[in-house]
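Small disclaimer: the values here were computed from a predicted structure and weren't measured.
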Amino acid sequence: MTKTSDVVIVGGGIIGSAAAFFLARNTTFNGKITVIEKDSSYQGSSTTLSAASIRQQFSTPENINISLFGIDFLRNLSEYLTLEKEHQSAHNLDIGLQEKGYLLLASDQGQETLRHNNKIQKELGADISLLPPALLRERFPWMNCDDIALGSLGLSGEGWFDAYSLLQLFRAKNKELGVIYKDGEVIGFEKSGTKIVAAELKGTESISGEKISGNFFINAAGPMASRVAGMAGIDIPIESRKRCVFVFNCREDIPDSPLVVDTNGVYFRPEGEHFICGTSPLDDHDPECFDYDVDYNLFDEHIWPTLANRVTAFESIKQINAWAGHYAYNLLDQNVVLGTHPDVDNLYFANGFSGHGLQQAPAVGRALSELIVYGKYQSLDLSIFGMERIINKTPVKELNVI
């Protein structure tokens, strides 16, 4: 059985849902959109299991501009995601956005990078301030600054929010706009020449899977992106990498804490009455992974000593919870792969965000809609992230990968 759609999106997390939204609200486009998601509960989704934050503290202008649009979108959700057919109060649109900033810390070796990045950030309108140790101590008296040469603090436009709530708002609005969400798993593509003509869904022992035909297809499969690409005969250097988030409480008050990124990449931020923290594993301990087992040794051996050094009150913290999720990790340069491949001209990629997907979803969703409707970028030129750099192995150098 074949059902027909105009755009078929593989993956209904934040990237797929954002792409569906911007397509559905585009008055130039009047086609049928189908989003296929194999985990309708989203319990294992990268969106749901992320640390749910947004920053402009990147070094690449395109990444900065992506997040500038992202924060504007989050601040003005009522302009985008209000439901027209039923009453929806401002409370229903609350995703708990807290613009308490990112604070990136640098030693002597890293301070020039912060200064270089800050110049680009400020030129593009990001509200980022550089603070020497004396000002850091004054602003955050609970923090040890003895080994810090410079800090970079987002004064506005940076912080964290509820990712699951944002995803559900996208889904509700999309359904109102006519987007179809289909429970299922794509296990293959049917091709004709350089085009995909249908996506094949997994069936059961007694019933073969249906096919959904389409004119355009989007790979928004997150950590499964390489598998989906492989179904079209395309190889992309993206792997599923596990990232653990730990929850701890602190007996002492730590007022006005931003999201702090230490010199070695360990981060922490408030989460209600508690804190969450995490870090990327060392390269030789970071294989491709699909399980959800928490690596508690990472906290005990690497994260906690860093926390205790940075904040004296954290010496006696208690770790009370933890979870693991997955990054779609781009092995080439940890940036998104966006656009089509020369071998398949109607399959659009939006993969390999390496932890930045949630904050980049609004801009990337808009970009995908523009590529499909107009055949080119109109709002932000994101061609720097195209497939050509993957084929030619010419990475985009982003200095602020966390």
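Side chain to side chain, Gln109 and Ser107 meet the donor-acceptor criterion of an N or O pair below 3.5 Å. Remark: the Ser240 side chain and the Glu288 side chain contain no N/O donor-acceptor pair separated by less than 3.5 Å.
Atom CG of residue Leu298 and atom SG of residue Cys244 lie 6.5 Å apart, to the nearest 0.5 angstrom. Glu158 contributes atom CD, which lies 10.5 Å from atom CH2 of Trp160 (distance to the nearest 0.5 angstrom).
Annotation: Phe314 is in aromatic contact with Phe275 [ring centroid separation under 6.0 Å]. The aromatic ring centres of Tyr42 and Tyr164 sit 6.0 Å or more apart.
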Would you list the atom pairs, donor with acceptor, under 3.5 Å between side chains in residues 146-153 and any protein atom, with sequence neighbours excluded?
{"unit_1": "Asp147", "atom_1": "OD1", "unit_2": "Arg310", "atom_2": "NH1", "d": "2.8"}
{"unit_1": "Asp147", "atom_1": "OD1", "unit_2": "Arg310", "atom_2": "NH2", "d": "3.3"}
{"unit_1": "Asp147", "atom_1": "OD2", "unit_2": "Arg310", "atom_2": "NH2", "d": "3.2"}
{"unit_1": "Ser152", "atom_1": "OG", "unit_2": "Gln57", "atom_2": "OE1", "d": "2.6"}

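A donor-acceptor pair under 3.5 Å links the side-chain atoms of Asn346 to the main chain of Asn215, judged by distance alone. At least one donor-acceptor pair closer than 3.5 Å links the side chain of Ser354 to the backbone N or O of Gly352. Of the possible polar contacts, none joining the Gln319 side chain to the Phe248 backbone as a donor-acceptor pair under 3.5 Å is found. Formation of a donor-acceptor pair under 3.5 Å by the Asn117 side chain with backbone atoms of Ser59 is not found in this model. With Lys242 contributing its side chain and Asp293 its backbone, the two residues share a donor-acceptor pair below 3.5 Å. The backbone N or O of Asp291 lies less than 3.5 Å from a partner atom in the side chain of His326, making a donor-acceptor pair. Remark: side-chain polar atoms of Lys182 are not paired, donor with acceptor, to backbone N or O of Thr34 under 3.5 angstrom. The main-chain N or O of Phe353 is never found under 3.5 Å from a side-chain atom of Gln360 such that the two would form a donor-acceptor pair. Of the possible donor and acceptor atoms, one in the side chain of Arg241 sits under 3.5 Å from a partner among the backbone N and O of Asp286.
Under the 6.0 Å distance and 45° angle rule, Lys175 counts as a cation-pi partner of Tyr181.
In this structure Asp345 satisfies the salt bridge (charged side-chain N to carboxylate O under 4.0 Å, His left out) test together with Lys195, sequence neighbours excluded.
Pairs engaging residues 368-402 under the ring-ring contact (aromatic ring centres under 6.0 Å, His included) rule: none recorded [sequence neighbours left out].
Phe58 and His356 have perpendicular rings, their planes meeting at more than 60° on a 0 to 90° scale where under 30° would count as parallel. The aromatic rings of Phe246 and Phe299 are tilted relative to each other, their planes meeting at an angle between 30° and 60°. Relative orientation of the Phe21 and Phe170 rings is perpendicular, given thresholds of 30° and 60° on the angle between their planes.
For the side chain to side chain donor-acceptor pair (under 3.5 Å) test with Ser67, the passing option among Gln121, Gln359, Gln56 is Gln359; the others fail.
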